[in-house]
Amino acid sequence: MLRQLGQKNIKENWKKYKAHIEKAFVSTPGGNIISSGGPQDIYKVIYKLLMNPNSNTTHLWMDDAENYLILTEMQKCMYTGKKTLLLTSQTRLKKVDSKTSKQIYLDIHNTIGKFAKENQCVGMYTYSDLDYFAKIAKETYEWSKVITRYQFYFPL
């Protein structure tokens, strides 16, 4: 089962969590274009957002067995005012079997989806370079109703 990590836990384990988030951001060839070389350390920004008691826009999640770490961000569309929850980074902390991997997908849908609804989000987004997510989206369409779209990123 997934749980949202509290600020005390994040503060005590930030070095470990940061390393996993960083690894997830750069695991795709060229993926570090967004997360490196900017005017500020994005991990300091993420940490500040997670630790801000006056903001509920950024969240860190972990399953009970500490197999997965998930970073989410609430976004509001500037055109419609509708909110969505973006699964910014999902990373596996250790090798798991296929059953566990499928269970985390269900937990994301149920637990994080419930959290998103409670915060008036109309849906969730995730970006991934893993073919696995496209495959599991097809397999779970009957209950998840996921809409598959393609994202194209043109580095400049």
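In this text, all values refer to a predicted model and were calculated from it rather than measured experimentally. Numbering of residues begins at 1 and proceeds along the displayed sequence.
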Query raised in the report: Distance from Ile112 atom CD1 to Met124 atom CE, nearest 0.5 Å?
Result: 7.0 Å
**Report entry** Any pair counted as side-chain hydrogen bond (donor to acceptor under 3.5 Å, both in side chains), so long as it reaches residues 52-62, sequence neighbours left out
**Finding:** Ser55-Thr57, Asn56-His59, Asn56-Asn119, His59-Thr72, Trp61-Thr72
Query - Close side-chain approach of Leu86 to Met74, heavy-atom, < 4.5 Å - result: no
Query raised in the report: Is there side-chain contact between Phe115 and Leu85, with at least one heavy-atom pair below 4.5 Å?
Result: yes
Query - Spacing of CE belonging to Met62 relative to CG belonging to Leu69, to within rounding of 0.5 Å - result: 4.5 Å
Query - Any residue meeting side chain to side chain contact (heavy atoms under 4.5 Å, CB included) with Val96, in chain and number order, not counting sequence neighbours - result: Asn67, Tyr68, Arg92, Thr100, Ser101
Query raised in the report: Distance from Gln103 atom CD to Asp97 atom CG, nearest 0.5 Å?
Result: 10.5 Å
Query raised in the report: Do Glu73 and Gln75 have side-chain heavy atoms sitting under 4.5 Å apart?
Result: yes
Show me the side-chain donor-acceptor pairs of residues 6-13 shorter than 3.5 Å, one per line, residues at least two apart or across chains.
{"residue": "Gln7", "atom": "NE2", "partner": "Leu50", "partner atom": "O", "Å": "3.2"}
{"residue": "Gln7", "atom": "NE2", "partner": "Met51", "partner atom": "O", "Å": "2.9"}
{"residue": "Asn9", "atom": "OD1", "partner": "Asn13", "partner atom": "ND2", "Å": "3.3"}
{"residue": "Asn9", "atom": "OD1", "partner": "Tyr17", "partner atom": "OH", "Å": "2.6"}
{"residue": "Asn13", "atom": "ND2", "partner": "Asn9", "partner atom": "O", "Å": "3.0"}

Requested in this report: Taking the side chain as every heavy atom from C-beta outward, state whether Met1 and Thr111 have any pair of such atoms under 4.5 Å apart.
Outcome: yes
Requested in this report: Could you tell me which non-hydrogen atom of Leu2 sits nearest to which non-hydrogen atom of Ile104, and how far apart they are?
Outcome: CD2-CD1, 3.7 Å
Report summary line: Minimal heavy-atom distance between Thr84 and Val122, with the atoms involved, is CG2-CG2, 4.0 Å
Query raised in the report: Is the shortest heavy-atom distance from the side chain of Leu60 to the side chain of Gln4 under 4.5 Å?
Result: no
Query raised in the report: Looking at side-chain heavy atoms only, is the closest gap between Thr91 and Leu71 below 4.5 Å?
Result: no
**Report entry** Check: Cys121 and Lys117 side chains under 4.5 Å, non-hydrogen atoms
**Finding:** no
Report task. For Lys94, look at atom NZ and say whether over 12 heavy atoms of other residues, nucleotides or ligands are found less than 6.0 Å away. Result -> yes
Query raised in the report: Quick one: OG1 on Thr88 to CD1 on Ile21, what's the gap to the nearest 0.5 Å?
Result: 9.5 Å
